[in-house]
Amino acid sequence: MALHVYNSLSRQKELFVPLHEGHVHMYVCGPTVYNDAHLGHGKTYVNFDVIVRYLRYLGYKVLYVQNITDVGHLLDSGEDRIIQGARRERMHPMQLAEMYTRRYFRDMDRLNVLRPDISPRASGHIPEMIDWIQMLIEKGYAYEVNGSVYFSVAKFKDYGKLSGRRLEELRAGARVEVLEEKRDPADFALWKKADPAHIMQWTSPWGRGYPGWHIECTVMSIKYLGQPFDIHGGGVENKFPHHECEIAQAEAATGKPFARYWLHNGMLMIRGEEMHKSLGNFITLEQAFERWDPMVIRFFILQGHYRSPLDVTDEALDAAGRGLQRLLGTVRTVRRRLASAAEGEAAPQVLEILEEGRRRFEESMDDDFGTPEAIAALFEMTREVNTWLNAERAPSKGSLQAIDDLYRRLAGDVLGVLPEKLEEEMGAGLATKLIQLLVDTRSKLRQAKQWELADTIRDELAELGIQLQDGPEGTTWTLL
RNA sequence: GGCGACGUAGCCAAGUGGUUAAGGCAGGGGUCUGCAAAACCCCCACCGUCGGUUCGAGUCCGACCGUCGCCUCCA
């Protein structure tokens with residue numbers, strides 16, 4: 001089965017065929033860098049990271065662009081989020097944006113999210129935005145009033161095609177006070193006039209001002225990916241108005257389609273509610289990392305489908321951590337035995353187990369990136385591999401290598417939940433040697449049947465997070 | 001009020017017309033072990049409620065109940 005993806009635009013699963021064979025151009029709405037990233041950001045960018053990784057696994061050359069919004073998001077009060085943050089932190093807005101941009105990448109790195117190929121900053125693309133707005137004015141889709149420019153939604157007949165909304169409903173249901181300078185309550189701002197006190201402002205044909213919220217994504221995605229491009233991703237909560245407006249700006253200006261496949265991921269919930277500052281259930285990634293390994297958080301996220309909402313509880317995260325340990329435990333065993341394995345071809349039985357696992361994994365991923373099922377396939381394969389390892393006294397190097405390779409590709413390259421080196425493999429340091437010394441000493445005690453002392457050593461190491469396993473070929477240990 | 005999504009075991013979560021409803025965690029019973037741990041084996045759901053369509057529905061349709069999202073900034 002070839003890759004199928006659910007396209008929000010058509011509301012159905014479609015065969016994925018990129019515009020240019022072998023290449024995928026993809027854009028995902030990035031963060032507004034005025035605050036620390038939270039678990040919800042974690043879910044979104046892990047979800048799209050796996051999509052990028054799987055496309056690459058399939059052999060596509062992916063150009064992945066994700067913007068950094070450092071200007072342009074307005075609060076209800078009309079205040080810029082970045083400026084509000086800058087006031088709070090007593091910093092220059094650009095200093096604040098830079099600080100949170102770095103923290104964002106730091107958090108994403110820990111979640112093993114691959115960096116986008118291009119991370120364009122909105123503030124660095126003001127001239128391109130101005131040009132684009134000019135084009136919209138010239139074509140009659142936008143109008144200037146008092147130094148601000150608005151997009152006239154009534155002129156763009158496809159407005160609402162993504163979110164399934166009609167203009168009448170929008171006007172009727174408008175909950176915000178309507179600026180009287182807009183010709184139509186549903187019109188949205190492309191450029192806002194800045195009062196002199198506004199710190200972030202630029203010169204434009206309409207006077208000093210700053211760009212509206214939606215224009216940056218239209219301009220930067222097309223600048224780096226062309227028009228149309230293959231995939232546009234983002235959270236469902238941005239379907240309207242943000243993505244709808246992006247489409248309007250892009251397609252009205254050029255008459256060409258914008259993005260071909262729209263992928264929207266579901267929200268992360270805390271005990272059944274959307275994570276939100278005002279609800280007091282806001283968990284930053286940094287806070288979460290204090291309690292859970294970033295890989296565990298990543299694994300937990302991938303146990304749900306990207307389009308579904310995902311409910312976070314302490315219990316569920318703990319459970320995910322134990323599950324991941326089982327998977328890593330097998331890789332650990334394989335790598336350990338690989339060190340002393342005899343040369344030899346891979347056993348046909350092993351190749352059969354691996355082939356079936358790989359087939360099921362790909363089949364699940366091909367169906368709209370079904371990571372939960374792909375992980376299930378991995379668990380079932382793991383059980384069979386373990387059974388085989390238990391039975392095989394001297395597995396050949398070829399067999400072990402084949403197993404390790406497949407885990408590296410599926411759990412490592414695609415899902416990104418397999419660290420390059422497991423904890424125990426990293427240490428050639430003093431701690432490792434001391435642990436080995438204790439383990440060896442305990443082995444001698446066991447040979448002498450001094451169970452009590454041997455058990456004490458085991459228990460006390462366990463309290464330090466070092467778990468011992470006595471097997472027929474000696475004692476091994478694992479760092480939990 | 002309008003638009004949309006969802007409701008599957010103690011918890012998380014796949015499945016979306018057809019033999020025994022994935023997987024993980026927890027729980028119970030075993031094998032292995034000096035005892036453990038790890039691993040492995042076995043057990044553990046009639047799919048929100050009611051009605052309908054169908055030879056056959058968790059899977060389609062309708063109503064109701066409940067939860068959530070969007071309509072305003074949000075990943």
Side-chain angles (χ1 to χ4, degrees), chain A residues 11 28-32 35 37-48 66 73-77 79 81 160 163-166 168-170 172-177 186 213 233-242 264-269 272-278 299-300 303-305 307-327 329-330 332-333 360 364 367 370-380 382-391 446 449-452 454-455 458-459 462 467-472 475-478:
Chain A
R11 284 163 244 268
V28 172
C29 290
T32 302
N35 218 325
H38 57 245
L39 279 173
H41 292 100
K43 169 163 160 49
T44 291
Y45 299 117
V46 165
N47 284 151
F48 286 109
Q66 187 189 105
H73 267 211
L74 303 186
L75 295 169
D76 285 347
S77 58
E79 193 173 22
R81 285 165 117 64
S163 56
R165 260 161 242 267
R166 284 170 303 153
E168 308 79 69
E169 289 161 4
L170 292 174
R175 276 202 262 147
V176 206
E177 298 236 359
W213 174 31
V236 275
E237 81 287 352
N238 276 334
K239 219 182 202 180
F240 186 90
H242 186 53
H264 287 100
N265 73 317
M267 304 273 81
L268 182 129
M269 322 284 285
E273 287 177 311
E274 182 186 352
M275 190 158 64
H276 206 281
K277 264 192 166 172
S278 58
F299 184 68
F300 170 72
Q303 279 191 301
H305 188 92
R307 282 196 284 124
S308 302
L310 180 65
D311 200 19
V312 173
T313 59
D314 293 356
E315 203 186 353
L317 273 162
D318 289 342
R322 284 187 287 267
L324 180 59
Q325 273 307 316
R326 189 148 82 78
L327 241 35
T330 297
R332 211 172 259 132
T333 303
R360 283 193 52 198
S364 304
D367 184 10
T371 55
E373 276 190 277
I375 288 172
L378 227 42
F379 271 112
E380 288 184 16
T382 296
R383 195 176 56 231
E384 291 185 52
V385 167
N386 283 335
T387 299
W388 183 81
L389 284 168
N390 284 342
R446 290 182 68 226
K449 299 206 189 295
Q450 300 212 30
W451 308 125
E452 204 176 317
D455 289 352
R458 183 175 65 198
D459 293 345
Q467 192 178 74
L468 302 192
Q469 290 116 354
D470 298 326
T475 300
T476 57
W477 58 275
T478 304

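All chains are named by letter (A, B, ...) in the order of the sequence lines, taking the proteins before the strands, and each is independently numbered beginning at 1.
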Give the rounded distance in Å between these two atoms: CE of A:M269 and P of B:C12. 12 Å
Main chain of A:K239, side chain of A:H242: is a donor-acceptor contact present, judged purely on distance under 3.5 Å? no
Proximity to the side chain of A:N265 - top-ranked nucleotide from B:A75, B:C11, B:G34: B:A75
So for A:D470 and B:C35, does any side-chain atom that can act as donor or acceptor lie under 3.5 Å from a complementary atom in the base? yes
Heavy-atom nearest nucleotide on RNA chain B for A:L268 versus A:Q469: which residue maps closer to 5'? A:Q469
Tell me what A:R383 touches on the nucleic acid: a base, only sugar-phosphate, or nothing, going by heavy atoms under 4.0 Å. sugar-phosphate
From the options B:A38, B:A14, B:C12, select the nucleotide whose nearest atom is closest to the side chain of A:Q467. B:A38
Pick the C1' atom in B:U31 and in B:C35, then give their distance to the nearest Å. 16 Å
Step-by-step side-chain hydrogen bond (donor to acceptor under 3.5 Å, both in side chains) determination, A:T478 to A:Q467: CA-CA 5 Å; A:T478 304; A:Q467 192 178 74; 5.2 Å; no
Go ahead and name the base partner of B:C35; Watson-Crick or wobble counts if both distances stay under 3.5 Å, otherwise write none. none
Pick base, sugar-phosphate or nothing for A:Y45, based on heavy-atom distances below 4.0 Å to the nucleic acid. sugar-phosphate
Closest of B:C12, B:G34, B:C71 to the A:W451 side chain is B:G34
Let me spell it out: for each of A:T44 and A:T330, pick the nucleotide of RNA chain B with the closest heavy atom. Which residue's pick is nearer the 5' end? A:T330
Check every atom of B:G24, B:C71, B:A75 against the side chain of A:H41 and return the nucleotide holding the closest atom. B:A75
Separation of the P atoms in B:C11 and B:G7, to the nearest angstrom: 15 Å
Taking a pair as Watson-Crick or G-U wobble with both distances under 3.5 Å, which nucleotide is matched to B:U20? none
Between B:G23 (P) and A:L327 (CG): distance, integer Å: 14 Å
What integer distance in Å separates A:L310:CG from B:A75:P? 18 Å
Partners of A:P309 by side chain to side chain contact (heavy atoms under 4.5 Å, CB included), sequence neighbours excluded? A:M269
If you measure from the P atom in B:C73 to the same atom in B:C47, how many Å do you get, rounded? 42 Å
Applying the 3.5 Å cut-off to both distances, the Watson-Crick or G-U partner of B:A45 turns out to be none
OP1 or OP2 of B:A13 versus the side-chain N and O atoms of A:S308: is any pair under 4.0 Å? no
Residue A:H305, side-chain atoms from C-beta onward, closest of B:C71, B:A14, B:C12: B:A14
Gap in Å between the two P atoms, one belonging to B:G28 and one to B:A37, rounded: 12 Å
How many Å lie between CZ on A:F299 and P on B:G23, as a whole number? 14 Å
Suppose we screen for side chain to side chain contact (heavy atoms under 4.5 Å, CB included). Which residues come up paired with A:A316, at least two apart in sequence or across chains? A:F300, A:T313
So, is the end of the A:R326 side chain (NZ or CZ) under 6.0 Å from the ring centre of A:F379 and within 45° of the ring's axis? no
May I ask you to verify whether the side chain of A:D455 and the base of B:G34 hold a donor-acceptor pair under 3.5 Å? yes
Length of the line joining A:Q303:CD and B:C11:C1', which is rounded to integer Å: 12 Å
Kindly indicate whether the side chain of A:L310, heavy atoms from C-beta on, has any atom under 4.5 Å from the side chain of A:Q303. no
Categorize A:G40 for me: base, sugar-phosphate, or nothing, with a 4.0 angstrom heavy-atom threshold over every strand shown. base
Partner lookup for B:C40, please. Criteria are Watson-Crick or G-U wobble with both distances under 3.5 angstrom; report none if nothing qualifies. B:G30
Side chain of A:R360 only, please: which of B:A22, B:G2, B:A13 is the nearest? B:A22
Taking 4.0 Å as the cut-off, does a side-chain nitrogen or oxygen of A:N238 come that near to OP1 or OP2 on B:A75? no
Whole angstrom value for the distance that separates P of B:A75 from NZ of A:K239: 17 Å
Separation between CG (A:N265) and CD (A:E237), nearest 0.5 Å, reads 7.5 Å
Base partner of B:A5, which must satisfy Watson-Crick or wobble distances under 3.5 Å: B:U67
A:L378 CG to B:A22 P: how many Å, rounded? 19 Å
Report the distance from atom CG of A:D311 to atom C1' of B:A5, rounded to the nearest whole Å. 15 Å
I'd like to know if A:E380 and A:R360 make a salt bridge, using a cut-off of under 4.0 Å between side-chain N and carboxylate O. yes
What interatomic distance, in whole Å, is found between C1' of B:G56 and the corresponding atom of B:C41? 35 Å
Where is the tightest heavy-atom contact between A:S364 and A:E373, given as atom of each residue plus distance? OG-CB, 3.4 Å
A:R458 (side chain) and B:C35 (base): donor-acceptor pair under 3.5 Å: yes
Tell me if a side-chain donor or acceptor on A:S308 pairs with a main-chain N or O of A:G304 at a distance below 3.5 Å. no
Say we look at B:A38 and B:U59: how far apart would their C1' atoms be, to the nearest angstrom? 39 Å
Nearest to the side chain of A:M267, heavy atoms from C-beta on, is which of B:C71, B:C40, B:A75? B:A75
Produce a footprint string for nucleotides 25-32 of chain B: one letter per nucleotide, 5' end first; B if the base is under 4.0 Å from any protein heavy atom, S if only the sugar-phosphate is, - if neither. SS------
Please determine whether side-chain contact (heavy atoms from CB on, under 4.5 Å) holds for the pair A:L268 and A:V312, giving the CA-CA distance in whole Å, both sets of side-chain angles, and the decisive distance to 0.1 Å. CA-CA 7 Å; A:L268 182 129; A:V312 173; 3.6 Å; yes
Using the C1' atom as the point on both nucleotides, what is the distance between B:A14 and B:G58, in whole Å? 12 Å
Using atom C1' of each nucleotide, how far apart are B:U19 and B:G24 to the nearest Å? 26 Å
Closest approach to the side chain of A:T313, judged atom by atom: which nucleotide of B:G24, B:C11, B:G15 is it? B:C11
How is A:H38 classified with respect to the nucleic acid when contacts are heavy atoms under 4.0 Å: base, sugar-phosphate, or nothing? base
